[in-house]
Every structure is written in C-alpha cells, then in structure tokens.
Amino acid sequence: MSLTKAERTIITSMWGKISSQADTIGTETLERLFASYPQAKTYFPHFDLNPGSAQLRAHGSKVLAAVGEAVKSIDNVSAALAKLSELHAYVLRVDPVNFKFLSHCLLVTLASHFPADLTAEAHAAWDKFLTIVSGVLTEKYR
C-alpha cells in the first residue's frame with residue numbers, strides 16, 4: 001500500500017497543525033486507548049495511567065514524535081520506524097492489534113481537535129497512513 005501524492009500532501013500539511021499540539025493529542029490518544037481498550041494497559045504496569053499523569057503525557061509525546069518521524073519520512077516509513085518496530089516486537093512484545101486500536105484512537109482525537117480539517121478525504125488519507133505505520137510496526141512479527 002502506498003500513498004498518493006494528494007494523500008501525502010494532506011498528511012504533511014495537517015501535520016503542521018497537529019505538531020503544535022502533539023503533547024496534548026498524544027496524551028488524549030492514550031487516554032482514549034486505555035478507556036476503550038483496557039487490555040492495552042497490561043503493557044504499562046509501571047505507569048500511572050490516570051488521565052493527565054506525567055507518565056501518560058510523556059508517553060503520549062513519544063507516540064506523536066514517532067508519528068512525526070513517519071510523516072517526515074513519509075516515502076520510507078519502514079526505515080524511519082525500524083528501531084521502534086524491533087523494540088515493540090522483540091523487547092516489549094506488544095500484541096500487534098494494539099497498533100490498530102491506537103490508530104483508531106488517534107483518528108478520533110484528530111477529529112475532535114480538527115473537525116474542519118478532517119474532511120472525508122483527510123480522514124481516508126490519515127487512516128491509510130496510520131495503516132501503513134501500523135504495518136511497519138508489526139512487520140517484525142512475521
């Protein structure tokens with residue numbers, strides 16, 4: 001799966017707006033993930049998972065930083081996220097389905113922050129992009 005030129009343009013232009021709120025969006029995305037898919041909490045036994053906690057904010061920031069790296073390397077997401085893929089597959093052993101859950105929660109968070117920007121075309125582009133990101137993060141499992 002690859003992005004069209006129009007989809008890449010949508011992703012990169014919207015990222016400019018998202019990146020200025022990355023910490024907030026990352027935190028809200030994780031809060032949604034843990035509220036909607038509580039089984040994901042099992043990978044964070046040492047975290048304070050209360051809404052707005054320092055650990056949740058720090059990890060949310062890391063998640064959005066990784067998305068930002070993928071956006072910067074939109075034509076080679078696999079190379080941009082290779083180390084992260086290895087970490088999650090070999091060290092953390094995260095169930096791959098959690099990346100799909102996280103992608104969904106990120107889309108919902110983007111929709112709540114940028115309702116005018118997340119048109120049907122933008123939603124489709126972000127969904128496709130996050131599917132690529134999830135695929136890269138799970139490719140070491142195969």
Is the backbone N or O of Ala79 less than 3.5 Å from a side-chain atom of Asn76, with the two atoms forming a donor-acceptor pair by type? yes
Output, in order, the C-alpha distance, side-chain angles, deciding distance and verdict of side chain to side chain contact (heavy atoms under 4.5 Å, CB included) for Val133 and Val67. CA-CA 8 Å; Val133 169; Val67 173; 5.5 Å; no
Give the table of side-chain donor-acceptor pairs shorter than 3.5 Å for residues 112-121, with sequence neighbours excluded, one pair per line with atom names and distance.
residue: Ser112; atom: OG; partner: Thr109; partner atom: O; Å: 2.8
residue: His113; atom: ND1; partner: Gln21; partner atom: OE1; Å: 3.1
residue: His113; atom: NE2; partner: Glu28; partner atom: OE1; Å: 2.8
residue: His113; atom: NE2; partner: Glu28; partner atom: OE2; Å: 3.2
residue: Asp117; atom: OD1; partner: Lys17; partner atom: NZ; Å: 2.9
residue: Asp117; atom: OD2; partner: Lys17; partner atom: NZ; Å: 3.1
residue: Thr119; atom: OG1; partner: Glu121; partner atom: N; Å: 3.4
residue: Thr119; atom: OG1; partner: Glu121; partner atom: OE1; Å: 3.4
residue: Thr119; atom: OG1; partner: Ala122; partner atom: N; Å: 3.1

From Ile18 CD1 over to Ile25 CD1, what is the distance, rounded to the nearest 0.5 angstrom? 6.0 Å
Evaluate whether atom NZ of Lys100 has more than 12 neighbouring non-hydrogen atoms of other residues, nucleotides or ligands under 6.0 angstrom away. no
What's the separation between atom CG in Asp127 and atom CG in Leu107, rounded to the nearest 0.5 Å? 5.5 Å
Ser73 side chain vs Ala70 backbone, donor-acceptor pair below 3.5 Å: no
Can you tell me how far apart CZ (Phe34) and CD (Glu31) are? Round to the nearest 0.5 Å. 9.5 Å
Contact check, side chains of Val97 and Tyr37, non-hydrogen atoms, under 4.5 Å: no
Between Ser36 and Leu33, is there a donor-acceptor pair closer than 3.5 Å when you use the side chain of the first and the backbone of the second? no
Give the cluster check for Ile74 versus Leu110: same hydrophobic cluster or not, with ILVMFWY residues linked at side-chain heavy-atom distances below 4.5 Å. yes
To the closest 0.5 Å, what do you measure between OG1 (Thr29) and NE2 (His104)? 11.0 Å
Does the side chain of Phe129 reach to within under 4.5 Å of the side chain of Val71, using non-hydrogen atoms? yes
Search all heavy atoms of Ala66 against all heavy atoms of Leu81 and return the closest pair with its distance. O-CD2, 3.6 Å
Are Phe44 and Leu56 side-chain neighbours, meaning at least one heavy-atom pair lies under 4.5 Å? no
Under a single-linkage definition using a 4.5 Å side-chain heavy-atom cutoff for Ile, Leu, Val, Met, Phe, Trp and Tyr, are Leu137 and Leu3 assigned to the same hydrophobic cluster? yes
Could you check if a side-chain atom of Leu64 sits within less than 4.5 angstrom of a side-chain atom of Asp23, using non-hydrogen atoms only? no
Given 3.5 Å as the limit, does a donor-acceptor pair link the side chain of Arg57 with the main chain of Gly52, or not? yes
Residues forming a salt bridge (Lys or Arg N to Asp or Glu O under 4.0 Å) with Lys41, sequence neighbours excluded: none
Main-chain N/O of Asp48 paired with Gln55 side-chain donor or acceptor, under 3.5 Å: yes
Short question: side chain of Thr138, backbone of Ser134 - any donor-acceptor pair under 3.5 Å? yes
Could you check whether any side-chain N or O of Lys128 sits under 3.5 Å from a backbone N or O of Ser2, counting only pairs where one atom can act as donor and the other as acceptor? yes
Determine whether Met14 and Val108 fall in the same hydrophobic cluster, where Ile, Leu, Val, Met, Phe, Trp and Tyr are linked whenever their side-chain heavy atoms lie under 4.5 Å apart. no
Side-chain heavy-atom pair Asp75, Arg8 within 4.5 angstrom cut-off: yes
Run the ring pair (Phe, Tyr, Trp, His ring centres under 6.0 Å) test against Trp15 and tell me which residues pass, sequence neighbours left out. none
